[in-house]
Amino acid sequence: MKRTRRSLRLVLAALLGVLLLTACGRNMFDQPRVDAFDASPFFADGSGMRPIPEGTVSRERGALEPAYLTGMGPQGFLTELPIDLDVDVLLRGKERYDIYCAPCHNYNGDGRGMVVQRGFPQPVSFVDTQRLLDAPVGYYYNAITNGFGRMFSYASRVRPEDRWAISAYVKALQLSQNASVSDVPADVLSQLTQTEAAR
Ligand code: HEC
């Protein structure tokens with residue numbers, strides 16, 4: 001009996017302690033700061049935000065190059081990559097393509113990825129449809145950015161630079177999937193046949 005009363009007292013004391021420790025004011029919530037677009041009596045123009053100094057230039061890539069962000073120039077879809085093409089760009093494009101596109105478009109671009117095998121509408125093959133073989137690199141960039149028919153946009157998930165890398169990789173995939181042994185340079189071919197023979 002005595003013991004239960006003592007533990008009850010302990011619990012009460014602990015509860016009281018917790019109550020005393022809890023902050024009661026709301027001053028953590030209501031901080032004396034100005035949020036974006038808030039009005040403020042502090043400045044003469046009544047706005048909390050300050051006007052941007054004249055001549056300010058955004059440092060975000062593409063701010064001055066709409067074609068880089070949209071994939072379209074005055075002549076329509078860009079036919080050339082607006083970034084420098086090297087092996088690293090293609091490897092990055094392959095990595096991103098395998099993550100974001102291959103589930104539907106498949107690793108080889110034939111449009112029979114796993115999601116399609118599970119019932120999603122099948123897209124046209126990138127690698128044996130003449131219309132898509134002829135499509136410029138900006139066409140791919142545009143589809144990733146804005147979506148295409150039943151395919152949703154990847155703008156929120158894939159950064160512009162990576163969209164260009166993926167688009168470059170799709171063009172490379174089209175070449176590689178339609179290449180024949182005679183397209184392989186002789187020295188690389190002999191290396192490949194040696195590796196094959198060594199197996
Ligand atoms: C969830 C499945 C899915 C994913 C993931 C996906 N797509 Fe698609 N994509 C489709 C479907 C389905 C279509 C055809 C839509 C239609 O015709 O309504 C399509 C169409 C396209 C087209 C236009 C083809 C044409 O017929 O002109 C391009 C280009 C394209 N996708 C590129 C990509 C790229 C690049 C990625 C990766 C960033 C990607 N897609 C990711 C399902 C997908």
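Atom set for the values below is all heavy atoms of this structure, side chains included, hydrogens, waters and symmetry mates excluded. Just follow the structure's listing: the first ligand is 1, and inside any ligand the first atom is 1. Counting from 1, the numbers follow the sequence of the chain as shown.
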Side-chain donor/acceptor of Asp98 to backbone N/O of Glu95, under 3.5 Å:
no

One finds that the ligand 1 atoms under 4.0 Å from a non-hydrogen atom of Tyr140 are 29 (C)

Filtering Phe152, Phe148, Tyr169, Tyr100 for the heavy atom nearest atom 41 (C) of ligand 1 leaves Tyr100

Where does Arg131 meet ligand 1, judged by heavy-atom distances below 4.0 Å: at the side chain, the backbone, both, or neither?
side chain

Using 30° and 60° as the class boundaries, would you call the ring planes of Tyr68 and Trp164 parallel, tilted or perpendicular?
tilted

Heavy-atom contact under 4.0 Å between Leu132 and ligand 1?
yes

Taking non-hydrogen atoms only, is Tyr154 closer than 4.0 angstrom to ligand 1 via side chain, backbone, both or neither?
side chain

Suppose we measure from atom 32 (C) of ligand 1 to each protein heavy atom; which comes out shortest, and what is that distance?
Phe126 CZ, 3.4 Å

State whether His105 contributes an N/O/S atom found under 2.8 Å from atom 8 (Fe) of ligand 1.
yes

Heavy atoms from other residues, nucleotides or ligands near CZ of Arg92 exceed 12 (cutoff 6.0 Å)
yes

Which segment of Val116 sits under 4.0 Å of ligand 1 when only heavy atoms are counted:
neither

Please list, in number order, the atoms of ligand 1 under 4.0 Å from a heavy atom of Gly149.
18 (O)

Is Ala143 touching ligand 1 with its side chain, its backbone, both, or neither, if touching means heavy atoms under 4.0 Å apart?
side chain

Students should be able to answer this: which protein heavy-atom is nearest to atom 17 (O) of ligand 1, and at what distance?
Arg150 NH2, 3.6 Å

Numbering the atoms of ligand 1 from 1, which are under 4.0 Å from a heavy atom of Tyr139?
25 (C), 27 (O)

Is a side-chain N or O of Gln174 found less than 3.5 angstrom from the main chain of Leu132, in a donor-acceptor match?
yes

Any idea which atoms of ligand 1 are less than 4.0 Å away from a heavy-atom of Cys101?
34 (C), 35 (C), 36 (C), 37 (C), 38 (C), 39 (C), 41 (C)

Please could you name the atoms of ligand 1 that Cys104 approaches to less than 4.0 Å, counting only its heavy atoms?
1 (C), 2 (C), 3 (C), 4 (C), 5 (C), 42 (C), 43 (C)

Quick one: does any side-chain atom of Lys171 pair with a main-chain N or O of Pro136 as donor and acceptor, under 3.5 Å?
no

Nearest to atom 10 (C) of ligand 1, what protein heavy atom do you find, and at what distance?
Met151 CB, 3.5 Å

Any non-hydrogen atom of Ile144 lying under 4.0 Å from ligand 1?
yes

Taking a cutoff of less than 4.0 Å between a non-hydrogen atom of the residue and any ligand atom, is Pro121 in contact with ligand 1?
yes

Of the protein's non-hydrogen atoms, which lies at the shortest distance from atom 13 (C) of ligand 1, and what is that distance?
Pro123 CB, 3.5 Å

Please answer whether the main-chain N or O of Ile166 pairs with a side-chain N or O of Lys94 as donor and acceptor at a distance below 3.5 Å.
no

Donor-acceptor contact below 3.5 Å, side chain Thr70 vs main chain Met72:
yes

Please confirm whether the backbone N or O of Ser47 pairs with a side-chain atom of Asp45, one donor and one acceptor, at under 3.5 Å?
yes

Check each heavy atom of Tyr97 against ligand 1 and say whether those closer than 4.0 Å belong to the side chain, the backbone, both or neither.
neither

Please say whether the positively charged group of Arg157, taken as NZ for Lys or CZ for Arg, lies over the ring of Tyr154, i.e. under 6.0 angstrom from the six-membered ring centre and within 45 degrees of the axis.
yes

Hey, which atoms in ligand 1 end up nearer than 4.0 Å to a heavy atom of Phe120?
1 (C), 2 (C), 12 (C), 42 (C)

With distance as the sole test, does Arg112 use its side chain to make a donor-acceptor pair with the main-chain N or O of Asn106 at under 3.5 Å?
no

Arg50 charged N/C atom sitting above Phe43 aromatic ring, 6.0 Å / 45°
yes

Applying ring pair (Phe, Tyr, Trp, His ring centres under 6.0 Å) between Phe126 and each of Tyr107, Tyr140, Tyr139, report the one that passes.
Tyr140

